[in-house]
Chemist: 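Take this structure, written in structure tokens, and hold onto it; I'll ask about it next.
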Amino acid sequence: MNRIDKKSGSLPGVMVIALVFLAALLLGGCGHENAADPVKPTPVRVARASSGPAVPPIDTNGIVVTKDEMRLSFKMGGVVRRIQVQEGDVVKQGQRLAEIELTEVEAQVEQARQLAEKAARDLKRGENLYADQVISLEQLQDLRTQAALADAQFKSARFNQGYSVITAPRNGVVLRKLVEERELVSPGTPVLVFGESARGFVVRAALADREIVHVKLGDKGDIHMDAFPGQAMIGTVVEVASAADPKSGMFPIEVRFDAPPPRLVSGLVARLRLTPQSTGTPLTYVPMAALVEGNGDRASVFVVSGGKALKRDVRVAFITADSIALESGLISGEAVITDGALFLENGEPVEVLRDSGKPMEAAATPPPRAES
């Protein structure tokens, strides 16, 4: 009986020792596992901040036209007798383009000529009579006035006869035909729209008052047209209005093509982005994806320093179509995080990736040489 008591008394102690040993092994294993698995850095991509103008680019739409467009018309009203050109025809200076029925005009010229000749004969007869002291000096002066008036009317009729025919003022192209043959037109009604080819094409656009104050002659702009997809053209501002259009309240401008594409025609729609020349302090530009927080003109970005993402407060000047201009908080050349920035915490370890998805540091390590 005493031996049984001794054995039963020793069993609990052995079990306690075994449980303590097992717990120690488990705790040791957990500590070893945590030490072997450190926190992995978050993969991100970065972009370099750049320097840019202190004013934003100006985006607008315009129409491609010839530099000098003229609306040609008859000085005299009448029935259109003939239009000898079609839209798109290339014409030379002095070439006849259109004319009206000349019967009435020629009759007016002939009537004025006859009156002028009669007045001249009356004046000559009056001078002879005055020399013979048959008429007074006052009567002679009246005859001279009548002759002068008749001659002036004859010159006016001939002048109008000359403008009853439309001729090309210079070498150019017929852009539009506004009337047809046998139509009755009043004096000054546009018949043809003529464009001079020598001075090339321009883009005509209009800007608001907050935009026109930044545009000057000589500013450059990018021109894009659906007629020439994927082809970016450069233009120069050659005209800036000093007064607004009373109908629209906008300020017209003209941008000349520096190198126009072939087969350019009037009437094409163009998208225009002007880059005004700024004398102010350049601003820092970052991609739109770098912005993580914003409140008014206050925002935040992440910069990479020592393998960590550090949050930086910045001040926004303005936002363009694809970037953000900053007044302060960042300098040109600093690396800002773009992809992955929204998921970061301040001070979090990061790993900068290349476009291929590999770390940038791996690209700088040369591959091992093959042993001979």
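Values below: every heavy atom of this structure, side chains too, minus hydrogens, waters and symmetry copies.
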Chemist: Heavy-atom count check: over 12 atoms from other residues, nucleotides or ligands less than 6.0 Å from Arg210 CZ?
Modeler: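 Result for CZ/Arg210: open.
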Chemist: Is the shortest side-chain heavy-atom distance between Ile58 and Thr275 below 4.5 Å?
Modeler: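 Not in contact.
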Chemist: Before giving the answer on side chain to side chain contact (heavy atoms under 4.5 Å, CB included), spell out for Thr42 and Glu348 the whole-Å C-alpha distance, their side-chain angles and the decisive distance to 0.1 Å.
Modeler: CA-CA 8 Å; Thr42 303; Glu348 183 177 339; 2.4 Å; yes
Chemist: Using distance only, find each side-chain donor-acceptor pair of residues 226-241 under 3.5 Å and give its atom names and separation, not counting sequence neighbours.
Modeler:
from: Asp226; atom 1: OD1; to: Arg271; atom 2: NH1; distance (Å): 2.9
from: Thr236; atom 1: OG1; to: Lys220; atom 2: NZ; distance (Å): 2.7
from: Thr236; atom 1: OG1; to: Asp258; atom 2: OD1; distance (Å): 2.8
from: Thr236; atom 1: OG1; to: Asp258; atom 2: OD2; distance (Å): 3.4
from: Glu239; atom 1: OE2; to: Lys67; atom 2: NZ; distance (Å): 2.7

Chemist: Report yes if the side chains of Leu342 and Val292 come closer than 4.5 Å at any heavy-atom pair, otherwise no.
Modeler: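 Yes - at least one pair of side-chain heavy atoms lies under 4.5 Å apart.
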Chemist: How many angstroms lie between CD1 in Ile319 and CG in Leu326, if you round to the nearest 0.5 Å?
Modeler: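 Those atoms lie 9.5 Å apart.
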Chemist: Contact between Leu207 and Leu274 at the side-chain level, heavy atoms closer than 4.5 Å - yes or no?
Modeler: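 Yes. Closest side-chain heavy atoms under 4.5 Å.
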Chemist: Run the salt-bridge test on Lys308 and Glu345 with the 4.0 Å N-O cut-off and return the result as yes or no.
Modeler: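 Between Glu345 and Lys308 there is no salt bridge, as every charged N stays at least 4.0 Å from the carboxylate O atoms.
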Chemist: Strictly distance-based, threshold 3.5 Å: is any side-chain N or O of Asp339 a donor or acceptor partner for the main-chain N or O of Arg45?
Modeler: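 A pair under 3.5 Å: no.
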Chemist: Side chain to side chain contact (heavy atoms under 4.5 Å, CB included), that's the test. Do Ile83 and Leu97 meet it? Break it down for me.
Modeler: CA-CA 6 Å; Ile83 298 179; Leu97 307 180; over 6 Å; no
Chemist: Going only through I, L, V, M, F, W and Y residues with side-chain contacts under 4.5 Å, is there a path from Phe201 to Leu272?
Modeler: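 Same cluster.
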Chemist: State yes or no: do Leu291 and Met288 share one hydrophobic cluster built from I, L, V, M, F, W and Y residues joined by side-chain heavy-atom distances below 4.5 Å, directly or via other members?
Modeler: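 Both belong to a single hydrophobic cluster.
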Chemist: Are there over 12 heavy-atom neighbours, none belonging to Gln111, within less than 6.0 Å of that residue's CD?
Modeler: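 Atom CD in Gln111 is not packed in, count stays at 12 or less.
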Chemist: Could you check whether atom CD of Glu181 has more than 12 heavy atoms from other residues, nucleotides or ligands sitting under 6.0 Å from it?
Modeler: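 For Glu181, atom CD is crowded (more than 12 foreign heavy atoms under 6.0 Å).
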Chemist: Any non-hydrogen side-chain atom of Val352 less than 4.5 Å from a side-chain atom of Val46?
Modeler: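 Yes; the side chains approach each other to less than 4.5 Å.
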Chemist: Before you tell me yes or no, could you show the steps for Phe194 and Ile166 under side chain to side chain contact (heavy atoms under 4.5 Å, CB included), namely the whole-Å CA-CA distance, both residues' side-chain angles and the distance that decides it to 0.1 Å?
Modeler: CA-CA 11 Å; Phe194 174 83; Ile166 297 177; over 6 Å; no
Chemist: Distance from Ile100 atom CD1 to Lys75 atom NZ, nearest 0.5 Å?
Modeler: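 Going from CD1 on Ile100 over to NZ on Lys75, the span is 11.0 Å.
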Chemist: Quick one: closest heavy-atom pair of Gly195 and Thr66, and the distance?
Modeler: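 Scanning both residues completely, I find the closest heavy atoms to be CA-OG1, 3.5 Å.
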Chemist: Indicate the atoms forming the closest heavy-atom contact of Asp219 with Pro276, along with that distance.
Modeler: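 In terms of heavy atoms, the two residues are closest at OD2-CA, 3.6 Å.
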Chemist: Within the structure provided, determine whether Met76 and Glu104 are in side-chain contact (heavy-atom separation under 4.5 Å).
Modeler: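 Result no, sub-4.5 Å side-chain heavy-atom pair not found.
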Chemist: Using atom types as modelled and distance alone, determine if a side-chain donor or acceptor of Arg312 lies under 3.5 Å from a backbone N or O of Gly329.
Modeler: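 Indeed, once roles are kept as given, a pair shorter than 3.5 Å links the two residues.
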Chemist: Nearest 0.5 angstrom please: Gln93 CD to Arg170 CZ, how far?
Modeler: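 It comes to 7.5 Å.
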Chemist: Given the rule that I, L, V, M, F, W and Y join up when any side-chain heavy atoms are under 4.5 Å apart, are Val255 and Met250 in one cluster?
Modeler: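 Different clusters.
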Chemist: Would Glu99 and Arg81 pass as an ion pair if we require N to O under 4.0 Å?
Modeler: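 Looking at Arg81 together with Glu99, the answer is yes, because their closest N to O distance falls below 4.0 Å.
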Chemist: State which residues pass side-chain contact (heavy atoms from CB on, under 4.5 Å) with Pro190; sequence neighbours excluded, sorted by chain then number.
Modeler: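 Checked Pro190 against side-chain contact (heavy atoms from CB on, under 4.5 Å); matches are Arg71, Leu178.
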Chemist: Once you round to the nearest 0.5 Å, how far does CD of Gln84 lie from CG of Asp89?
Modeler: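 So the CD of Gln84 and the CG of Asp89 are separated by 11.0 Å.
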Chemist: Which atoms form the tightest heavy-atom contact between Ser51 and Tyr285, and what is the distance?
Modeler: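 Shortest heavy-atom separation between Ser51 and Tyr285 comes out as C-CD1, 4.2 Å.
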Chemist: What residues form a side-chain hydrogen bond (donor to acceptor under 3.5 Å, both in side chains) with Arg158, not counting sequence neighbours?
Modeler: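 Partners of Arg158 by the side-chain hydrogen bond (donor to acceptor under 3.5 Å, both in side chains) criterion come out as none, since no residue qualifies.
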Chemist: side-chain hydrogen bond (donor to acceptor under 3.5 Å, both in side chains) with Arg315: which residues, sequence neighbours excluded?
Modeler: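 Listed in chain order: Asp297.
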Chemist: Can you tell me which residue among Thr320, Asp59, Thr60 is in a side chain to side chain donor-acceptor pair (under 3.5 Å) with Arg273?
Modeler: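 Going through the options one by one, the only one that passes is Asp59.
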Chemist: Do Val185 and Leu192 belong together in a cluster built from hydrophobic side chains that touch within less than 4.5 Å?
Modeler: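 Same cluster: Val185 reaches Leu192 through Ile, Leu, Val, Met, Phe, Trp or Tyr contacts under 4.5 Å.
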Chemist: Check whether any side-chain heavy atom of Phe74 sits under 4.5 Å from a side-chain heavy atom of Thr189, and report yes or no.
Modeler: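 Of all side-chain heavy-atom pairs linking Thr189 with Phe74, none is under 4.5 Å.
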Chemist: Nearest 0.5 Å, please: how far is OG1 in Thr284 from CD1 in Ile331?
Modeler: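 Ile331 atom CD1 to Thr284 atom OG1 measures 8.0 Å (nearest 0.5 Å).
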Chemist: Any side-chain heavy-atom pair from Ser266 and Val65 closer than 4.5 angstrom?
Modeler: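 Heavy-atom side-chain distance check passes, below 4.5 Å.
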Chemist: Which value, rounded to the nearest 0.5 Å, describes the distance between Glu196 atom CD and Leu175 atom CG?
Modeler: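 Between Glu196 CD and Leu175 CG, I get 11.5 Å after rounding to 0.5 Å.
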Chemist: Please tell me if the side chains of Leu137 and Tyr130 come closer than 4.5 Å, counting only heavy atoms from C-beta onward.
Modeler: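 Leu137 reaches Tyr130 side chain to side chain.
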Chemist: Going through the checks in order, is the side chain to side chain contact (heavy atoms under 4.5 Å, CB included) test met by Val203 and Phe257?
Modeler: CA-CA 8 Å; Val203 177; Phe257 288 87; 3.7 Å; yes
Chemist: Do Arg113 and Glu110 sit within salt-bridge range, that is, some charged N less than 4.0 Å from a carboxylate O?
Modeler: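 Salt bridge flag = yes for Glu110 with Arg113.
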Chemist: Transitively linked via ILVMFWY side-chain contacts under 4.5 Å: Val301 with Ile324?
Modeler: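 In one cluster: yes.
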Chemist: If you take all heavy atoms of Gly267 and Ile63, which pair is closest and at what distance?
Modeler: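 Reported closest heavy-atom pair: CA-CG2, 3.9 Å.
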Chemist: Just by modelled atom types, is the Leu129 backbone N or O under 3.5 Å from a matching donor or acceptor in the Asp132 side chain?
Modeler: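 The answer is no, because no donor-acceptor pair under 3.5 Å joins these two groups.
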Chemist: Is it the case that over 12 heavy atoms from other parts of the model lie below 6.0 angstrom from the CG atom of Asn295?
Modeler: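 Open: at most 12 neighbouring heavy atoms sit under 6.0 Å from CG of Asn295.
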Chemist: So, using ring-ring contact (aromatic ring centres under 6.0 Å, His included) as the criterion, who are the partners of Phe159 when residues are at least two apart?
Modeler: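 Phe159 satisfies ring-ring contact (aromatic ring centres under 6.0 Å, His included) with Tyr163 only.
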Chemist: Among all residues two or more places apart in sequence or in another chain, which pass the side-chain hydrogen bond (donor to acceptor under 3.5 Å, both in side chains) test with Gln133?
Modeler: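 Result, side-chain hydrogen bond (donor to acceptor under 3.5 Å, both in side chains) vs Gln133: none returned.
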Chemist: Using every non-hydrogen atom in the two residues, find where Ala205 and Gly62 come nearest and quote the distance to one decimal.
Modeler: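 Heavy atoms of Ala205 and Gly62 come nearest at CB-CA, 4.1 Å.
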Chemist: Short question: side chain of Gln108, backbone of Val105 - any donor-acceptor pair under 3.5 Å?
Modeler: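 No; judged by distance alone, with no hydrogens or angles, the pair does not exist.
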Chemist: Identify the two heavy atoms, one from Ala244 and one from Phe251, that lie closest to each other, and give their separation to 0.1 Å.
Modeler: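 Of all heavy-atom pairs spanning Ala244 and Phe251, the closest is N-CE2, 3.5 Å.
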